[in-house]
There are 2 protein chains.
Amino acid sequence: MESKIFRDFLIQRGLKLTKERMAVLNQIFSIHGHFEPEHLYLNIRNSEIKASRASVYRTLNLLVESGLVERISRSDKGNVYEHTYGHSHHDHMICTTCGVVIEFFSESLEELQKMICTEYHFAGTTHTLEIRGKCRTCQKRKK
Amino acid sequence: MESKIFRDFLIQRGLKLTKERMAVLNQIFSIHGHFEPEHLYLNIRNSEIKASRASVYRTLNLLVESGLVERISRSDKGNVYEHTYGHSHHDHMICTTCGVVIEFFSESLEELQKMICTEYHFAGTTHTLEIRGKCRTCQKRKK
DNA sequence: AGCGTATTTGCAACTTAATCTCAATTTCAG
DNA sequence: CTGAAATTGAGATTAAGTTGCAAATACGCT
Ligand SMILES: [Mn+2]
Ligand SMILES: [Mn+2]
Ligand SMILES: [Zn+2]
Ligand SMILES: [Zn+2]
């Protein structure tokens with residue numbers, strides 16, 4: 001479970017398990033899908049146990065370091081995150097018309113990337129692939 | 001040539017060809033590789049024909065719309081761009097240790113992405129793939 | 001359970017990228 | 001040339017995210 005992982009991560013780094021950090025963790029894992037820090041902060045302001053903006057951002061960085069959360073991209077505004085625990089690796093297609101996000105995963109794509117890395121003697125650990133274009137719905141709804 | 005393309009783009013949009021816009025264009029096409037807007041602005045401050053920060057940012061957006069320049073990513077600081085004219089499509093590997101950027105292109109990767117798009121009924125137009133990890137040099141220089 | 005200390009919190013001030021406002025200037029079609 | 005429409009630059013503004021610091025808190029130790 002994610003709170004166990006986070007607790008272990010904190011202990012291992014000599015950090016403390018505070019209610020604010022737990023509030024951020026719980027809020028994130030109650031969100032389905034992608035989120036922006038500011039939105040996360042607003043949710044927390046309205047929840048049972050609150051945390052300041054500073055703590056939200058600080059905790060978010062810790063969660064990324066722990067591997068429980070990943071930074072997906074930067075929108076025109078700020079960062080976009082998603083939790084990765086219980087949510088295996090995938091890439092994204094983003095419709096430039098309606099903004100819908102399609103998550104996909106392709107084993108052959110992953111394999112091919114590994115081969116390319118080998119070719120360049122590069123030890124790849126993570127990647128982000130974002131394909132932009134038009135989703136099915138927006139294609140139909142064209143002039 | 002890029003200035004011809006930009007001129008046509010401006011005319012077609014009813015915009016004017018100014019010396020400031022040309023200064024930005026020329027500066028960008030005299031840069032080899034990736035660049036950040038602030039750095040671009042500083043270069044222009046020291047060049048023959050100058051342009052204000054506002055104009056630099058405004059022109060940069062126009063250049064992206066014209067297709068001559070692409071936004072590669074957002075670093076922890078601001079955006080990173082590169083010119084695409086005379087510089088065919090490619091993706092990036094970024095060393096998380098030394099920051100070196102390896103540009104690569106794989107036809108099979110492009111093909112595979114097209115196939116995946118078809119599978120999802122998605123009309124992909126552009127994509128960004130960034131692989132992060134350790135470059136050859138930084139792998140050797142490990143503990 | 002209580003203590004002592006290192007860590008964390010919240011607030012507000014700060015930083016930095018990028019955009020906006022608007023009066024003055026420039027472009028360019030006619 | 002001329003005049004309308006677009007553009008410019010300077011500085012104000014916005015917004016994301018970080019930071020300094022005094023007060024509060026977690027938690028290992030007894
Ligand atoms: Mn996702
Ligand atoms: Mn490149
Ligand atoms: Zn769509
Ligand atoms: Zn390296």
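All values below come from the heavy atoms of this structure, side chains included, with hydrogens, waters and symmetry mates left out.
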Any side-chain N or O of Tyr57(A) less than 4.0 Å from the OP1 or OP2 oxygen of dG17(D)?
yes

Is the shortest side-chain N/O distance from Asn61(A) to OP1 or OP2 of dG17(D) below 4.0 Å?
no

Taking only side-chain nitrogens and oxygens of Arg21(A), does any of them come within less than 4.0 Å of OP1 or OP2 of dT8(C)?
yes

Give a yes-or-no answer on whether the side chains of Glu82(A) and His90(A) include a donor-acceptor pair shorter than 3.5 Å.
yes

Under 4.0 Å: is that the gap between some side-chain N or O of Thr18(A) and OP1 or OP2 of dT7(C)?
no

Parallel, tilted or perpendicular: which fits the ring planes of His83(A) and Phe29(A), with parallel below 30° and perpendicular above 60°?
parallel

Donor-acceptor pair under 3.5 Å: do we get one between Arg58(B)'s side chain and the base of dG9(D)?
yes

Judged by modelled atom types alone, do Tyr57(B) and Glu38(B) share a side-chain donor-acceptor pair under 3.5 Å?
yes

For DNA chain D, what residues of residues 24-41 of chain A have any heavy atom nearer than 4.0 Å?
Pro37(A)

DNA chain C contacts among residues 7-16 of chain A, heavy-atom distance under 4.0 Å
Leu15(A), Lys16(A)

Does the side chain of Asn79(B) get closer than 4.0 angstrom to OP1 or OP2 of dA17(C) through an N or O atom?
no

5' priority, DNA chain D, between Ala54(B) and Ala54(A) [closest heavy atom]:
Ala54(B)

Quick one: is dG9(D) close enough that its OP1 or OP2 comes under 4.0 Å of any side-chain N or O from Ser55(B)?
yes

In Å, rounded to the nearest 0.5 Å, how long is the span from CG of Leu40(A) to OG of Ser47(A)?
9.5 Å

Restricting to side-chain contact (heavy atoms from CB on, under 4.5 Å), what partner residues turn up for Ile5(B), sequence neighbours left out?
Leu68(B), Tyr85(B)

